[in-house]
Amino acid sequence: MNVTHTNRPPAAEQVRAPGGGAPDRRWLGIYLNDHLAGATAGLALCRRAERVHRGDPLGPDLRRLALEIAEDRRSLLDAIRRLGLPVRRHKAAAGWLGEKAGRLKPNGRLLKRSPLSDVLELEALGVGIQGKAMLWRTLLRLDGGRPAPSGPAPLDHGRLERLAERAARQAGEVDALRSTVALEVLGPPRS
């Protein structure tokens, strides 16, 4: 006897509308809100790193990066709204809390910041920025610039391209910072 415990349709029917129509927009909403959580965590991490490095050589680069990440997060919120999807504030809050919890990881020192913290935080920031680049490319692939059947396209294709290009540039810049800090903290490579 097959007993169903929920009112949800089988997985295959959740992806496609009856008759093989368009994908279920819930998945897009979940996807974008998950990225919003990541953007919130990344922004908190970058702002914290900028505060730690205020007055040293990393400070100006991290400040500019934090400003750009804040702008990118606003662009994501705008995209969610333009697509008519709900903004899930609890996911953004979870991203913020996740960044705070990430500070608790042991990095060789118990009560104060370790030099290794800079390396790991820049690596985490780089991973987040790579994810953001994939987000913008995904929205481009969904053809955010194509007119909708009922009117103009909700997203600006050119803006998505600029956001994707900026994310790629940011990823390269963070990797260069990470590489410099890693060599300072971990020592030069052995030949």
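Fair warning: this is a prediction, and the values are worked out from it, not measured in the lab.
When hydrophobic clusters are built by joining Ile, Leu, Val, Met, Phe, Trp and Tyr residues whose side-chain heavy atoms come closer than 4.5 Å, directly or via intermediates, L142 is grouped together with I80. Under the 4.5 Å side-chain heavy-atom criterion for grouping Ile, Leu, Val, Met, Phe, Trp and Tyr, Y31 is connected to L85 within one hydrophobic cluster. Hydrophobic cluster membership differs between V174 and V127, with clusters built from Ile, Leu, Val, Met, Phe, Trp and Tyr side chains linked at under 4.5 angstrom. L155 and L28 fall within the same hydrophobic cluster, where Ile, Leu, Val, Met, Phe, Trp and Tyr residues are linked whenever their side-chain heavy atoms come under 4.5 Å apart, directly or through other members. In this structure, L32 is a member of the same hydrophobic cluster as L140, with clusters built from ILVMFWY side-chain heavy atoms closer than 4.5 Å.
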Could you walk me through whether E121 and R178 satisfy the salt bridge (charged side-chain N to carboxylate O under 4.0 Å, His left out) test, starting with their C-alpha distance in whole Å, then the side-chain angles of each, then the deciding distance to 0.1 Å, before giving a yes or no? CA-CA 9 Å; E121 289 173 354; R178 181 210 51 83; over 6 Å; no

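Taking E173 as the reference, R64, R169 meet the side chain to side chain donor-acceptor pair (under 3.5 Å) condition, with sequence neighbours excluded.
Taken from CG in L125 to CD in Q130, the straight-line distance is 10.5 Å, to the nearest 0.5 Å. L67 contributes atom CG, which lies 11.0 Å from atom CG of L62 (distance to the nearest 0.5 angstrom). Between atom CD1 of residue I129 and atom CZ of residue R166 there is a gap of 10.5 Å, rounded to the nearest 0.5 Å. The line from CG of L160 to CZ of R137 is 12.5 Å long, rounded to the nearest 0.5 Å. Rounded to the nearest 0.5 Å, atoms CG (L45) and OG1 (T40) are 12.5 Å apart. For the atom pair D175 CG and Q170 CD, the distance stands at 13.5 Å (nearest 0.5 Å).
Here the closest non-hydrogen pair linking I69 and G42 is CG2-C, 4.4 Å. Residues W136 and D72 approach most closely at CZ2-O, 3.8 Å, considering heavy atoms. Closest approach of A66 and L43 over heavy atoms only: O-CD1, 3.5 Å. The two residues R73 and A39 make their nearest non-hydrogen contact at CG-CB, 4.0 Å. Of all non-hydrogen atoms in H35 and K132, the two that sit nearest each other are CE1-N, 4.5 Å. Closest of all the heavy-atom pairs between P154 and L83 is CG-CD2, 3.6 Å.
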Going by atom type alone, with no hydrogens or angles, which donor-acceptor pairs under 3.5 Å involve a side-chain atom of residues 179-188 and a protein atom two or more places apart or on another chain?
| from | atom 1 | to | atom 2 | distance (Å) |
| --- | --- | --- | --- | --- |
| T180 | OG1 | A176 | O | 3.1 |

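Between the side chains of D118 and H53, a donor-acceptor pair is found at a separation under 3.5 Å.
Considering only heavy atoms from C-beta on, L163 comes within 4.5 Å of R159 through its side chain.
Salt bridge annotation for R81-D78: absent, with no cationic side-chain nitrogen under 4.0 angstrom from a carboxylate oxygen.
With hydrogens and angles ignored, the 3.5 Å screen pairs a side-chain donor or acceptor of R162 with a backbone N or O of G158.
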